[in-house]
Structure formats: C-alpha cells, structure tokens
**Student:** 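I have a structure I would like to understand better, so I am pasting it below and will then ask my questions one at a time.
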Amino acid sequence: MRMIPPATIDEVRQAADIVDIISDYVTLQPSGRNYKALSPFTVEKTPSFIVSPEKQLYKCFSTGKGGNVFSFVMEMEKVPFPEAFELVAKRTGIDISQFTKKNEPQSAHEESQTEILRWAARFYHETLKRQTGKTGHTYLATERALSEKTIQTFGLGYAPDAWDDLFSAAKREGIAQEHLFDLGLITSNKHKNSCYDTFRNRVIFPIFSIGGKVVGFGGRTLLSDPQTPKYLNSSESKLFEKSKLLYGLHAAKNEIRRLETAILVEGYMDVLALHQAGMTNTVASCGTSLTRYQAKVLHHYTKRVLFMYDADRAGQKSMMSGIDTLLSENITPSVLILPEGDDPDSFIRREGRDNFVQFAEKNMLSFQDFQIRFFMESGDFAQPDLKSRAIRAMAHTISLIPDRIRRELYLQELSKKLALSLPALQELLDREESATDKKRVSFETRQEVQPQRKSAPKISVLEKTFLKALLESTSYGNAVLEFAASHEEMLELPHKEAQEIFTHLIRRYHEIADNPEERIDITSEISSFINPESRDLASGLLIDPPVSNKWLEQSDVHADNAKRCLAMFLDAFKNLILEPLVHQKNALTEKIRLENDTDREIELSREKIILDKKIRKTSHELKSMISSILENS
C-alpha cells in the first residue's frame with residue numbers, strides 16, 4: 001500500500017461512525033452522551049468500555065486501551081494500520097484503490113500475514129474454478145448442492161492433489177518460505193530437507209475474522225482413505241486461534257442482531273447449507289467444543305442461542321457441555337435434536353427450509369428439557385443414586401447463571417419438572433453456587449491479568465492539564481501548537497508517554513506550519529502514535545471530563561473555547577517551567593534546616609536567595625508573556 005496522505009486518513013475517519021463499527025464487536029448501550037459496554041479486551045462484570053460519538057474515540061478503563069476507529073480495528077483484527085484503514089474505508093464506501101495498488105512487487109518481509117492469507121484464499125478459489133479444481137467443484141456443487149453464489153460468498157476453494165502447487169505459486173510471487181510455514185500453508189519434510197503444501201486434494205473453507213479478514217483455513221479431504229484426517233485446519237497462530245473463532249460470524253452477525261438469536265452448529269457445511277436456505281444467523285464453533293471465549297463473542301450480539309448439533313450421542317454430549325458454557329456468559333440456550341442419522345446440512349437439503357422451520361418450531365427444547373431427556377435416555381434416572389447425580393449436574397448448570405433472579409426461576413422450573421421440593425433443590429444449588437463462584441473468580445482473574453500492560457508511572461495533574469489543553473486546542477487552530485513549538489526547548493515532561501505525545505504534535509505542527517489553513521485532526525492523528533501507551537493516554541485525556549472546574553466556566557462559543565484552551569495550556573506551561581525550580585528550592589530549604597555547619601548554612605542560604613530571585617524573575621516574565629499572548633489572541 002502506498003503512503004496515505006493525512007487528508008485522506010482524516011476523510012475516511014470522519015466518514016466512519018465509530019459507534020456503528022464498534023457495534024460489530026460489542027453490544028453498546030447508551031450512557032448519557034456516550035455509549036458503554038463490557039470490555040472486548042478482558043472479562044469483567046461492570047462495563048468499563050466507553051465510546052464517545054461526539055469525539056469519535058473509545059476508552060477501556062479496565063485495560064487502559066483507547067484510541068479511534070482505526071486503532072480499535074487494529075486491536076480486534078490484529079492487523080497493522082494500513083489494513084485497518086482499508087477495512088474502515090470499505091465500510092464508508094470511500095474509494096482508496098489508488099493507495100492500495102502496488103507499483104512493484106513487495107519483498108517477502110513487506111508482506112503482512114493477512115495479505116499472504118488473502119493471497120492464498122484467492123489461489124484456492126481460482127483453482128476451484130479451473131480444470132484442476134473440477135474434482136473439488138463437483139463435490140461442492142453436485143454432492144453438497146452448494147450454489148455458485150454460496151461458493152463465491154464464502155470464498156470456497158480447492159487445494160489440488162499435488163505436492164507443491166501453492167508453494168510454487170508463492171515462490172513466483174516472491175512470498176518467503178518462512179511466512180508460508182508460520183501460517184501453516186506449507187509443511188517441512190525434515191528427512192528430505194524440503195517443503196510441501198499442507199492442504200492437498202481438499203476443498204478449502206477460508207475462515208474469516210469478525211471484520212471479514214481471512215485468518216486461516218479449514219480443508220476437507222476428498223480421499224476415502226481412513227488414515228487421512230477428514231478435516232485439517234490451519235496451525236494455531238496469532239491470527240488463527242480456533243478457540244476464539246466462530247465460522248460464518250462475519251456473514252451472520254447482522255442477522256443475529258436482527259433476530260436476537262444465533263443458530264449454533266458444528267461444521268462448515270452446516271453453516272453453508274443453512275445460509276443458502278436463508279437462515280443467515282447460523283455460525284459454527286470451528287469443529288471444537290464451544291469455549292468461554294466463543295460464548296463471550298456471541299454475547300456481544302445476542303442473549304439467545306439455538307443449539308443444532310449432530311443427532312448422534314457425541315453431538316448431544318457436546319451440547320450438554322455447551323449449555324453450561326453459554327449460561328456462564330448469561331446466554332439462554334435452547335436445543336433442537338434432529339432425526340437420528342441427520343445433521344443440519346443433510347436435513348435441510350432433504351426437507352427444505354419450510355419443513356425445517358416447522359420441525360424446529362415443533363421440536364425445540366428448553367435446555368432443562370433437553371438435559372432431562374438426555375439423562376433419561378442414558379438411564380441415569382433409572383436408579384436413585386444415578387438420578388441424584390444427574391440432578392446435581394442440572395443444579396450445577398443453574399449455578400453457572402450470573403443473574404440470581406434467573407437462577408431462582410430456573411430452580412423453580414426444575415422443581416416442577418422433577419417433582420422435587422424446592423428447599424431440597426435450593427440446598428443443592430447453594431453448595432453448587434459456592435463451588436461455581438470460586439471457579440468463576442479464578443477464570444475471570446486469569447482473563448483480566450492477561451491483557452494488562454505494565455503499569456506506567458503516574459502522570460501528574462499538571463502534565464494532564466498541559467496535554468489535555470494542547471490536544472483539545474487542535475480543534476480551534478494552531479495558536480497553542482505554534483507557541484509550544486517556539487518554546488519546546490524549555491520543556492521536558494517527566495512522564496515518558498506525555499513527552500512522546502508532546503514531541504509528536506510539535507513535529508506534526510512543523511510539517512504543516514507553511515500552510516496556515518491546515519489543521520491537525522487530533523482524532524485521526526492518534527493512529528499515528530508509534531507507542532500504543534501514548535495512544536491510550538491521549539485517548540483517555542480527550543475522553544475524560546475536564547481536569548479543572550475552570551474548564552467548565554467558559555461558554556461553548558468556538559472563540560471562547562479556543563481562548564480557554566490557550567489559557568489553560570499557558571497556565572500549565574508556566575507551572576511546568578516553575579515546578580522544577582520550586583522543587584529545587586524546597587530541597588535547598590530542607591538542607592539548610594538540617595545543616596549544622598554555620599559556614600555551610602550561610603553558603604546554602606546565599607544559593608537560596610539567588611534561586612528565589614530566579615523564580616520571581618521567571619514567574620514575572622512568564623506572566624507578562626502569557627498576558628501579552630492572551631490580549632492579542
């Protein structure tokens with residue numbers, strides 16, 4: 001991607017609605033002038049994630065992370081700025097093709113992982129459409145009855161029955177071998193000191209992030225050899241963490257929100273068949289048992305999930321454990337048991353959408369009814385000891401629900417269904433709740449500790465005031481920046497990130513100083529801070545309420561706002577200059593108090609007199625300068 005001009009970055013950022021884009025990842029609730037949500041970066045009970053539509057910024061007070069729409073996409077999609085910019089631009093409809101076209105081949109080191117994955121997805125998809133992909137296309141279109149539209153929409157592909165088709169094509173493109181290996185696209189043969197394609201003679205299912213980026217692949221073999229794994233997935237990487245991904249979510253998220261329900265299935269083909277039939281709120285757990293993280297992601301979009309796994313015993317056991325996982329995240333699960341021998345794909349292909357919907361309406365079970373049916377069919381209700389253990393398992397399931405009122409209601413339901421006294425079940429629930437609370441605290445502690453960055457030295461109120469005024473002043477022109485740039489050598493902020501922000505803004509001012517009409521869009525500028533901690537600090541200062549009541553005493557007229565920023569900046573500037581001198585004076589006064597040698601005491605007193613004069617002179621000069629600036633502003 002070519003260098004993107006700041007004006008284009010500003011244009012895309014201003015056209016993007018940060019609330020709309022962040023809503024793709026979390027459920028935002030109005031909170032005064034802002035929106036709030038549970039943090040997408042950690043596990044928490046009380047929402048600490050704030051989005052300001054007015055300032056187009058977000059701030060997570062649990063982890064300290066903050067920024068604009070670009071930095072949020074970078075965090076969630078794990079991509080560098082150019083790709084985050086491209087994703088946001090696509091959402092706004094702004095054409096940035098002139099910046100995304102490559103004039104010359106990039107070196108392997110310049111290729112990002114997501115670009116290589118996107119290239120591989122195109123390679124597999126194009127192969128499917130050629131003669132070499134006829135086997136794969138026949139399987140998808142004929143045997144599995146997928147339409148060309150579905151194949152295109154989900155980017156399905158084919159890995160040829162050859163050892164190095166992809167590897168050879170990648171070498172021609174100049175893609176480094178180590179990158180292909182890291183992404184699991186090729187596998188090394190240590191005995192022969194060579195590499196070969198990981199996916200061979202397999203139909204390929206690209207796996208997408210929530211934002212629609214390719215992060216990995218699943219491949220189904222077309223061989224009937226029992227020694228060959230039926231499904232093969234990309235190896236785990238920073239981008240591809242199978243336990244955190246839901247297949248099809250990028251295409252299903254809007255419909256899940258609209259219908260307030262997600263359909264959860266096991267396999268790729270189940271998702272494709274249901275989407276093709278118009279049930280586009282379907283996702284799959286990527287061939288794994290449902291994880292807490294996946295449930296947490298689902299909770300961003302809905303509080304209801306319909307389980308629809310295979311009808312065999314293994315599928316039912318997976319749903320039993322998945323019920324507990326969903327309830328732990330405050331999601332209410334229901335279950336649809338398909339006829340024996342069926343999976344969602346085969347059932348909807350045979351019966352069609354209308355019959356499928358009728359069957360679902362007639363046979364859908366609450367999670368408690370499903371549990372009772374499961375234990376009854378297992379023979380666990382045949383003897384008192386076995387039944388007691390089964391009831392304890394159902395009580396444990398209820399104990400996982402975070403909301404106490406819902407726990408009580410489900411306990412009452414269980415009492416009626418099993419004809420057991422409520423006090424007996426309550427006693428059992430109390431014991432289960434005690435054990436569950438300990439596990440919940442342990443899980444949340446592990447999740448919360450992980451994303452926390454190293455705690456930085458605390459920034460002083462004076463530095464905050466200085467920086468906040470400097471950052472906000474950019475909305476009203478360059479007067480404050482101009483003054484700061486001309487007096488830069490007088491200041492060095494003690495806080496590392498504060499100094500980095502100050503230095504960055506001064507550098508940017510020098511870049512635009514020749515054009516008096518040009519302004520810095522501070523919300524866009526945050527993305528260009530190299531240090532994430534600096535970006536977090538700046539975002540927090542901009543989204544925080546004013547640090548002084550003086551800030552609230554001015555009118556909201558544009559000119560007054562500009563003058564207010566200048567006044568507060570100059571006041572903080574003066575105090576930052578004087579503060580080291582005052583500290584020096586206090587240290588000298590303490591030395592004089594403790595000194596026993598008379599001659600040394602006299603010498604220190606003389607130093608103090610000189611320092612007092614310097615403080616008075618500096619203070620007078622700064623006050624005069626500030627008064628002059630404010631009078632002329």
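Quick caveat: nothing in here was measured; it's all calculated off a predicted structure. Residues: numbered from 1 along the sequence shown.
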**Student:** Would you check if the side chain of E463 reaches a backbone N or O of H495 as a donor-acceptor pair within less than 3.5 Å?
**Tutor:** yes
**Student:** For L117 and F240, run side chain to side chain contact (heavy atoms under 4.5 Å, CB included): C-alpha distance rounded to whole Å, both residues' side-chain angles, the deciding distance at 0.1 Å, then the answer.
**Tutor:** CA-CA 11 Å; L117 288 167; F240 186 74; over 6 Å; no
**Student:** With a 4.0 Å cut-off on N to O distance, would you call R535 and E75 a salt bridge?
**Tutor:** yes
**Student:** Check this for me: K317, atom NZ, are more than 12 non-hydrogen atoms of other residues, nucleotides or ligands nearer than 6.0 Å?
**Tutor:** no
**Student:** Apply the test side chain to side chain donor-acceptor pair (under 3.5 Å) to residues N330 and R406: give CA-CA distance (whole Å), side-chain angles for both, the deciding distance (0.1 Å), then the verdict.
**Tutor:** CA-CA 10 Å; N330 224 9; R406 290 180 67 219; 2.5 Å; yes
**Student:** Are side-chain N/O atoms of E44 and S62 paired as donor and acceptor at under 3.5 Å?
**Tutor:** yes
**Student:** Indicate yes or no for a side-chain donor-acceptor contact from K65 to the backbone of C60 under 3.5 Å, with no hydrogens or angles considered.
**Tutor:** no
**Student:** Quick one: CD1 on I207 to CG on L249, what's the gap to the nearest 0.5 Å?
**Tutor:** 12.5 Å
**Student:** Taking N281 for its side chain and T261 for its backbone only, find out whether a donor-acceptor pair lies under 3.5 Å.
**Tutor:** yes
**Student:** Flag the pair L336 / I263 as yes when at least one side-chain heavy-atom distance between them is below 4.5 Å, and no otherwise.
**Tutor:** no
**Student:** Taking S328 for the side chain and D324 for the main chain, is one N or O donor matched with an acceptor at less than 3.5 Å?
**Tutor:** yes
**Student:** Under 3.5 Å, side chain of Q294 to main-chain N/O of L245, donor-acceptor pair present?
**Tutor:** yes
**Student:** Any non-hydrogen side-chain atom of K36 less than 4.5 Å from a side-chain atom of V51?
**Tutor:** no
**Student:** Any sub-3.5 Å donor-acceptor pair from N68's side-chain atoms to T523's backbone N or O?
**Tutor:** yes
**Student:** May I have the step-by-step check of side chain to side chain contact (heavy atoms under 4.5 Å, CB included) for T332 and Y410, ending in yes or no?
**Tutor:** CA-CA 11 Å; T332 302; Y410 280 119; 3.5 Å; yes
**Student:** Could you tell me the separation between the NE2 atom of H275 and the OG1 atom of T153, rounded to the nearest 0.5 Å?
**Tutor:** 10.0 Å
**Student:** Is there side-chain contact between P384 and K387, with heavy atoms separated by less than 4.5 Å?
**Tutor:** no
**Student:** For the backbone of L542 and the side chain of K55, can you confirm whether one donor and one acceptor N or O come within less than 3.5 Å of each other?
**Tutor:** yes
**Student:** Hey, are Y309 and S285 close enough side-chain-wise for a donor-acceptor pair under 3.5 Å?
**Tutor:** yes
**Student:** Evaluate side chain to side chain contact (heavy atoms under 4.5 Å, CB included) for I372 paired with M394, printing each intermediate quantity in order.
**Tutor:** CA-CA 9 Å; I372 292 169; M394 286 188 280; 3.8 Å; yes
**Student:** So Y247 and F154, would you call those rings parallel, tilted or perpendicular, with 30° and 60° as cut-offs?
**Tutor:** tilted
**Student:** Do NZ/NE/NH1/NH2 and the carboxylate oxygens of E408 and R404 come within less than 4.0 Å?
**Tutor:** yes
**Student:** Kindly compute the distance separating CG (D270) from CE (M279), expressed to the nearest 0.5 Å.
**Tutor:** 12.0 Å
**Student:** Between atom CZ of R13 and atom CD of E11, what is the distance when rounded to the nearest 0.5 Å?
**Tutor:** 11.5 Å
**Student:** Kindly assign one of parallel, tilted or perpendicular to the pair Y58 and F72, based on the angle between their ring planes and the thresholds 30° and 60°.
**Tutor:** perpendicular
**Student:** We want to know whether Q14 and D521 form a side-chain donor-acceptor pair, criterion being a heavy-atom distance below 3.5 angstrom.
**Tutor:** yes
**Student:** If you apply the rule ring-ring contact (aromatic ring centres under 6.0 Å, His included), what do you find for F307 with F370, and how did you get there?
**Tutor:** CA-CA 11 Å; F307 259 123; F370 171 72; 8.2 Å; no
**Student:** Will you find, in the side chains of T503 and E500, an N or O donor that is under 3.5 Å from an N or O acceptor?
**Tutor:** no
**Student:** T302 side chain to L298 main-chain N or O, any donor-acceptor pair under 3.5 Å?
**Tutor:** no
**Student:** Checking the side chain of K253 only, and the main-chain atoms of I210 only, is there a donor and an acceptor separated by less than 3.5 Å?
**Tutor:** yes
**Student:** With a 3.5 Å distance limit and no angle check, can you tell me whether E266 reaches the backbone of A284 through a side-chain donor-acceptor pair?
**Tutor:** no
**Student:** Determine whether the side chains of D10 and S524 contain a donor N or O and an acceptor N or O closer than 3.5 Å.
**Tutor:** yes
**Student:** Output, in order, the C-alpha distance, side-chain angles, deciding distance and verdict of side chain to side chain contact (heavy atoms under 4.5 Å, CB included) for L87 and I21.
**Tutor:** CA-CA 10 Å; L87 275 172; I21 290 176; over 6 Å; no
**Student:** Is it true that E236 and K242 have a side-chain N and a carboxylate O under 4.0 angstrom from each other?
**Tutor:** no
**Student:** So, taking the atom named CD1 in I323 and the one named OG in S334, what distance separates them when rounded to the nearest 0.5 Å?
**Tutor:** 9.0 Å
**Student:** Mind checking the CG-CZ spacing from L429 to R407? Nearest 0.5 Å is all I need.
**Tutor:** 6.5 Å
**Student:** Relative to the ring of F529, is the ring of H504 parallel (under 30°), tilted (30 to 60°) or perpendicular (over 60°)?
**Tutor:** perpendicular
